[in-house]
Amino acid sequence: MFNKRTKIKDLLSWTPDGQEVTVMGWVRSFRNNQFIALNDGSTNQNLQVFAELGKFDDQLLKRFTTSASLKIQGHLVASLGKGQVMELKADHIEVLGDSDGEAYPLQPKKHSLEFLREIAHLRFRTNTFSSVFRIRHSLAFAVHQFFNDKGFVYLHTPIITASDAEGAGEMFRVTTLPFDNPPRNEDGTVNFTEDFFGKSTNLTVSGQLEGELGATALGEIYTFGPTFRAENSNTSRHLAEFWMIEPEMAFFDLEDNMNLAEEFIHYLISYVMKNNPQDLEFLSQRLTEEEKQLPQDKRSEMTLLEKLAFVNDNVFERITYTEAVDILLNSPAYKKKKFQYEVKWGIDLQSEHERYLVEKHFKKPVIVTNYPKDIKAFYMRQNDDGKTVAAMDILAPGIGEIVGGSQREERMDKLVERMEQMHVPADELWWYLDTRRFGTVPHAGFGLGFERMVQFVTGMTNIRDVIAFPRAPKQAEF
RNA sequence: UCCUCAGUAGCUCAGCUGGUUAGAGCAUCUGACUGUUAAUCAGAGGGUCACUGGUUCAAGUCCAGUCUGAGGAGCCA
């Protein structure tokens with residue numbers, strides 16, 4: 001057996017007492033021909049390896065270049081130096097893989113995130129990205145923990161789908177037809193009956209409709225999978241391929257839905273605060289350092305750690321859409337004509353409006369409910385006022401909409417009526433309507449953009465820095 | 001897709017109202033030093049100034065187009 005290593009994260013919690021250990025990792029720096037800062041990815045902290053002068057061959061020492069991989073046997077001893085409590089006094093060092101110093105692009109210094117994005121295959125070797133991806137993992141694990149503890153069933157909804165019913169965005173076509181010469185109908189349109197699935201298919205834009213099928217039998221389900229949008233969005237908040245969590249619950253109304261979403265977000269934040277304190281500490285300092293370059297008024301009022309603690313300790317503000325519009329209309333910003341877009345009942349709230357509510361007015365996450373029905377999807381439950389639907393969006397500071405959800409329309413006649421008005425083809429969604437035909441129940445659900453959650457927790461400002469291999473317009477490298 | 005800004009060494013940047021051979025720090029390489037902490041000291045190598053075209057005696061610098069990136073907007077999660 002090759003791997004008898006001790007992980008550096010574990011080892012650093014020991015009391016050094018001459019224990020014999022084997023560690024493996026990558027060289028972060030090699031100082032003074034004696035001191036190797038070794039990182040193995042288990043933690044941001046490096047282990048100092050002491051290679052005593054004269055003990056190792058000069059030709060071997062020359063190979064301890066940045067990012068060379070080493071296997072080191074030695075004894076764990078108290079460090080004589082000031083920067084660390086312990087160090088590994090090396091007895092035997094083996095180079096597992098050399099790293100050409102001239103060609104290796106990462107230096108022991110600060111790099112711009114833009115540059116690291118160009119070498120996304122190597123960026124995991126930096127402190128920032130290793131922290132981000134350990135936290136991303138923790139969040140993913142916490143998602144399953146949360147729902148499992150509540151008795152939800154993890155439902156795998158399809159990635160290839162034939163329905164374009166939700167209209168959540170432009171879709172990526174999935175086909176095996178030759179694109180330069182596809183079979184055609186008499187009227188010239190492409191004949192998809194000859195395609196692999198016998199019909200036109202796409203990558204999913206949402207698992208919600210299928211999720212409702214699960215919820216109306218299993219009671220409470222959640223999905224957690226990739227989602228694809230072919231929108232030409234070039235922003236720091238959008239990806240063409242992203243991960244979404246979509247719980248769907250039978251016997252839930254809008255308020256139950258909001259309570260669950262809020263509890264969920266609190267749970268995710270607490271989980272990371274408890275399990276990744278060092279990574280959060282590092283990212284918090286990084287962000288503070290980064291913001292020192294900004295003018296005073298653009299800097300955050302709180303550090304990342306303070307912000308997370310604050311969000312966790314406070315309940316989210318809950319207001320109706322109508323109240324939100326009133327707040328905007330009575331705001332100093334509105335009176336000073338600071339808003340670029342018009343504010344009046346019936347509009348969809350613009351980024352600048354959401355930002356004002358969350359960052360200026362309430363200074364914490366806000367849940368906005370009961371939107372006008374005309375700006376929301378067909379499946380949302382119509383309220384008795386005839387004007388609004390039982391929708392709710394959770395808006396978070398810095399990233400905007402993090403959750404979008406609603407109580408679903410369970411009344412067959414109302415649902416069909418709404419589909420007709422919005423030109424949603426009922427015949428294609430016959431399977432969806434069957435849930436309303438056979439024992440319909442009040443139910444609700446929401447979608448949470450996983451990367452936006454990771455952004456919120458890590459403080460990373462560009463969404464491309466919280467997913468390992470970002471997919472965006474003109475970007476599919478690695 | 002729209003608006004704004006940017007693209008000079010491996011990285012981060014300087015390069016003035018156009019004017020001789022394009023600079024610095026870090027990184028890399030060579031040597032020295034040896035309890036270092038992004039080690040230090042000395043030296044060396046490293047450039048199609050994003051690309052294409054134009055203006056000019058002369059373009060890294062001015063103009064046009066293209067490409068790429070960033071920030072913001074729209075769409076949304």
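Chain letters run A, B, ... following the sequence lines, proteins first and then strands; every chain starts at 1. Only heavy atoms go into these numbers, but all of them, side chains included; no hydrogens, no water, no symmetry mates. Just so we're clear, the structure is a prediction, and the values are computed from it rather than from any experiment.
The local environment of CZ in A:F141 is sparse, with at most 12 non-hydrogen atoms from other residues, nucleotides or ligands closer than 6.0 Å.
Remark: aromatic rings of A:F264 and A:F147 are close, center separation under 6.0 Å. Note: A:Y334 and A:H353 fail the aromatic proximity criterion, with ring centroids not under 6.0 Å apart.
Of the candidates B:U34, B:G74, B:C26, the closest approach to any side-chain atom of A:N32 belongs to B:U34. Checking B:G35, B:A39, B:C26 against every side-chain atom of A:S79, the shortest atom distance belongs to B:G35. In the set B:A70, B:G35, B:A38, the nucleotide with an atom closest to the side chain of A:R31 is B:A38. Listed candidates were B:C29, B:U36, B:G69. Nearest to the side chain of A:E87 is B:U36. Out of B:A73, B:G35, B:U36, the shortest distance to the side chain of A:F50 is found at B:G35. The side chain of A:Q48 lies closest to B:U37, out of B:U37, B:U68, B:C75. When the nucleotides B:U34, B:C26, B:C75 are ranked by their closest atom to the side chain of A:S233, B:C75 comes out on top. Checked against B:G31, B:A38, B:C76, the side chain of A:R229 finds its nearest nucleotide in B:C76. Which of B:G35, B:G25, B:G74 sits closest to the side chain of A:Y341 comes down to B:G74. The side chain of A:Q107 sits closest to B:G10 out of B:U34, B:G10, B:U1.
Ring pair A:Y154/A:Y222 is parallel by interplanar angle, where below 30° counts as parallel and above 60° as perpendicular.
You'll find a donor-acceptor pair under 3.5 Å spanning the side chain of A:H238 and the base of B:C76, going by distance alone.
Under 3.5 Å, the side chains of A:Q475 and A:R464 contain a donor-acceptor pair of N or O atoms.
Across all strands, A:L106 comes closer than 4.0 Å to no nucleic acid atom at all (heavy-atom distances). When heavy atoms are screened at a 4.0 angstrom cut-off, A:K474 is found touching the sugar-phosphate backbone but no base atom. Residue A:G81 is in base contact, counting any heavy-atom pair closer than 4.0 Å across all strands shown.
Considering only side-chain N and O atoms, A:N33 lies nowhere under 4.0 angstrom from the phosphate OP1 or OP2 of B:A32. A sub-4.0 Å separation between OP1 or OP2 of B:G74 and a side-chain N or O of A:Q350 is present. Phosphate contact (OP1/OP2 of B:A73, side-chain N/O of A:R237, threshold under 4.0 Å): present. For the pair A:S29 and B:A39, the criterion of a side-chain N or O lying under 4.0 Å from OP1 or OP2 is met. Taking only side-chain nitrogens and oxygens, A:S351 comes nearer than 4.0 Å to OP1 or OP2 of B:G74. Checking the phosphate oxygens (OP1, OP2) of B:G35, no side-chain nitrogen or oxygen of A:K89 falls inside 4.0 Å. Contact annotation: A:S236 reaches the phosphate of B:G72 (side-chain N/O to OP1 or OP2, under 4.0 Å).
Per the geometry, CG belonging to A:N234 stands 11 Å off P belonging to B:G71, to the nearest Å. Distance A:K110 NZ to B:C11 P: 16 Å, rounded to the nearest Å. Atom CZ in A:F30 sits about 16 Å away from atom C1' in B:U28, given to the nearest Å. For the pair A:L113 CG and B:G71 P, the computed distance is 9 Å after rounding to whole Å. As rounded to whole Å, 15 Å separates atom C1' of B:C75 from atom CG of A:L349. When rounded to the nearest whole Å, the span between CD1 of A:I463 and C1' of B:A70 equals 16 Å. Atom pair A:F64:CZ and B:U37:P shows a separation of 20 Å (rounding to whole Å applied). B:G10 atom C1' lies 13 Å from atom CG of A:L122, rounded to whole Å.
Salt bridge present: A:E248 and A:R408 bring a charged side-chain N and a carboxylate O closer than 4.0 Å. Salt bridge status for A:D465 with A:R136: absent, with no side-chain N to carboxylate O gap under 4.0 Å.
Annotation: B:U40 and B:A58 have their C1' atoms spaced 46 Å apart (nearest Å). For the C1' atoms, the distance from B:C75 to B:A9 is 41 Å, rounded to whole Å. The same atom, C1', is picked in B:C57 and in B:C62; the two are 16 Å apart, to the nearest Å. Going from the P atom of B:G71 to that of B:C26 covers 29 Å, rounded to whole Å. Comparing B:C41 with B:A22, their P atoms are spaced 28 Å from each other, to the whole Å. Rounded to the nearest Å, the gap between the C1' atom of B:U66 and that of B:G23 is 30 Å. Nucleotides B:C3 and B:G60 have their P atoms positioned 30 Å apart, rounded to a whole Å. When the C1' atom is used for both B:A6 and B:C51, the distance is 16 Å, rounded to whole Å.
Pairing for B:U1 goes to B:A73, judged as Watson-Crick or G-U wobble with the two contacts each under 3.5 Å. As the counterpart of B:G47, no nucleotide is assigned, since no Watson-Crick or G-U wobble pattern has both distances under 3.5 Å. Pair check for B:U12 finds B:A24; Watson-Crick or G-U wobble, both atom distances under 3.5 Å. Look at B:A6: its Watson-Crick or wobble partner, with both distances under 3.5 angstrom, is B:U68. Using N1 to N3 plus N6-O4 or O6-N4 for Watson-Crick, or N1-O2 and O6-N3 for G-U wobble, each under 3.5 Å, B:C62 pairs with B:G54. For B:A42, the paired nucleotide is B:U30, the pair qualifying as Watson-Crick or G-U wobble because both relevant distances are below 3.5 Å.
A donor-acceptor pair under 3.5 Å links the side-chain atoms of A:R471 to the main chain of A:E477, judged by distance alone.
Looking at which nucleotide of RNA chain B each of A:T235 and A:E401 is closest to, the 5′-most match is held by A:T235. With RNA chain B read from its 5' end, the first of the two nearest nucleotides for A:F115 and A:K82 is the one closest to A:F115.
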Original post:
Which is it for A:E301 and A:K363 under the side chain to side chain contact (heavy atoms under 4.5 Å, CB included) test, yes or no, and what are the steps along the way?
Top reply: CA-CA 10 Å; A:E301 290 173 26; A:K363 299 190 183 215; 3.6 Å; yes
